[in-house]
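Notes for the one structure printed next.
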Amino acid sequence: MTSPLIVVTGATGQLGQTLSRRWSEFPLHQYQFKVLDRSELDLHQAESAIAALAELRPSVIVNAAAYTQVDKAESDSIGAHRVNAEAVGRIAAWSADNDARLIHISTDFVFDGASKTPYEPSQQANPLGVYGASKLAGEQQIQALAKQRSAIIRTSWLYCEYGNNFVTTMLRLMEEKDQLSIVDDQCGSPTSTHGLAALIFAMILNRDAVGIYHWTDGGSISWFEFALEIQKQGVQEGLLSKAIPISPISTSEYPTPARRPAYSVLDRSRALADFDCSSDDWQAQLNRVLKELASK
Ligand SMILES: NC(=O)c1ccc[n+]([C@@H]2O[C@H](COP(=O)([O-])OP(=O)(O)OC[C@H]3O[C@@H](n4cnc5c(N)ncnc54)[C@H](OP(=O)(O)O)[C@@H]3O)[C@@H](O)[C@H]2O)c1
């Protein structure tokens, strides 16, 4: 008898790469593990994506691929919805028909940011932009078509040591520029892909993981405060030669095509209660990633 297969989409993404690098550290040895890039499973071509699944017949699908260009989505609603909603619906239907489990990643951008307290998974979503709306539509497809076989993990401010993200961008700009101005009126929580990967592996091992979960590294900070910590630790770890002045600015001083929630802290208590996953604080998670960058 062949081993059950875990298929991960989005091989080239931050999370896809982390899942690929870390999976052998977890007790998943009864599974085969396959990470697919866009050429092997294209969410823009739902028919061929389903054909790829039908050929591989995975027992578990982790959908780490997504249309993630938040600003571009504002002028490409059809493209964003095709990848983040329509294809996700097709995958959900396939998983329900074929007795496969689906673990899907979603976003804090499903919320409008009007709350003053951390968002619980059951709270009303109300996305401000096309990206958030397309991700919410994907969630709704999953809940309609594969509710009993799926888990949705909403996360925020994702970063790791590879790829372009806020941390790697800040480190680059802090070396290139004499000063920086960073938005101080959007509040959220950073999330290392490593902690998120650990939760996903824990969910694969726990077949009862069903419904919506929230996962971040905790904290309730602004991008400005995140930048200050990146600089402080970046200097300590020898990644930055000096500290430069960083000024807080408002969102109105840094206009972008897509509106972003002013507050998107996620309440992760359900995930912490259900899984034995790391609850290290965000500063410690950041330090692990910076140490990894420093060792390169
Ligand atoms: N980044 C964040 O701050 C953040 C915050 C909250 C939630 N999330 C969610 O977390 C998940 C992982 O995000 P991430 O930061 O790892 O994303 P990422 O680094 O932007 O990577 C996205 C991945 O999706 C793939 N992809 C895009 N369109 C595709 C298509 N049509 N068919 C197949 N693959 C396609 C990309 O492939 P190519 O390289 O070929 O383009 C890439 O591998 C996503 O669901 C995202 O919505 C991210």
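Start at 1 and go down the list; that is how both ligands and their atoms are numbered. These numbers come from a predicted model, not from an experiment.
Relative to the six-membered ring of Tyr162, Arg21 meets both conditions, a distance below 6.0 Å and an angle of at most 45° to the axis.
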Stepwise side-chain contact (heavy atoms from CB on, under 4.5 Å) check, Arg270 with His214: CA-CA 7 Å; Arg270 182 181 180 211; His214 286 172; over 6 Å; no
Using atom types as modelled, flag every donor-acceptor pair under 3.5 Å from a side chain in residues 60-71 to any protein atom, sequence neighbours excluded.
unit_1	atom_1	unit_2	atom_2	d
Asn63	OD1	Thr9	OG1	2.6
Asn63	ND2	His104	ND1	3.2
Tyr67	OH	Asp76	OD2	2.8
Asp71	OD1	Ala258	N	3.0
Asp71	OD1	Arg260	NH1	2.9
Asp71	OD2	Arg260	NH2	3.3

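Around ligand 1 you find Gly10, Thr12, Gly13, Gln14, Leu15, Arg38, Leu41, Asp42, Leu43, His44, Ala64, Ala65, Ala66, Thr68, Val83, Ile105, Ser106, Thr107, Tyr131, Lys135, Thr155, Ser156, Trp157, Leu158, each with a heavy-atom distance below 4.0 Å.
Side-chain contact between Lys135 and Pro127: absent, with no pair of heavy atoms (C-beta onward) separated by less than 4.5 Å.
Residue pairs meeting the ring pair (Phe, Tyr, Trp, His ring centres under 6.0 Å) criterion with at least one member in residues 138-160, sequence neighbours excluded: Trp157-Trp223, Tyr159-Phe226.
Legend: residues meeting ring-ring contact (aromatic ring centres under 6.0 Å, His included) with Phe26, ordered by chain and number and at least two apart, are Phe201.
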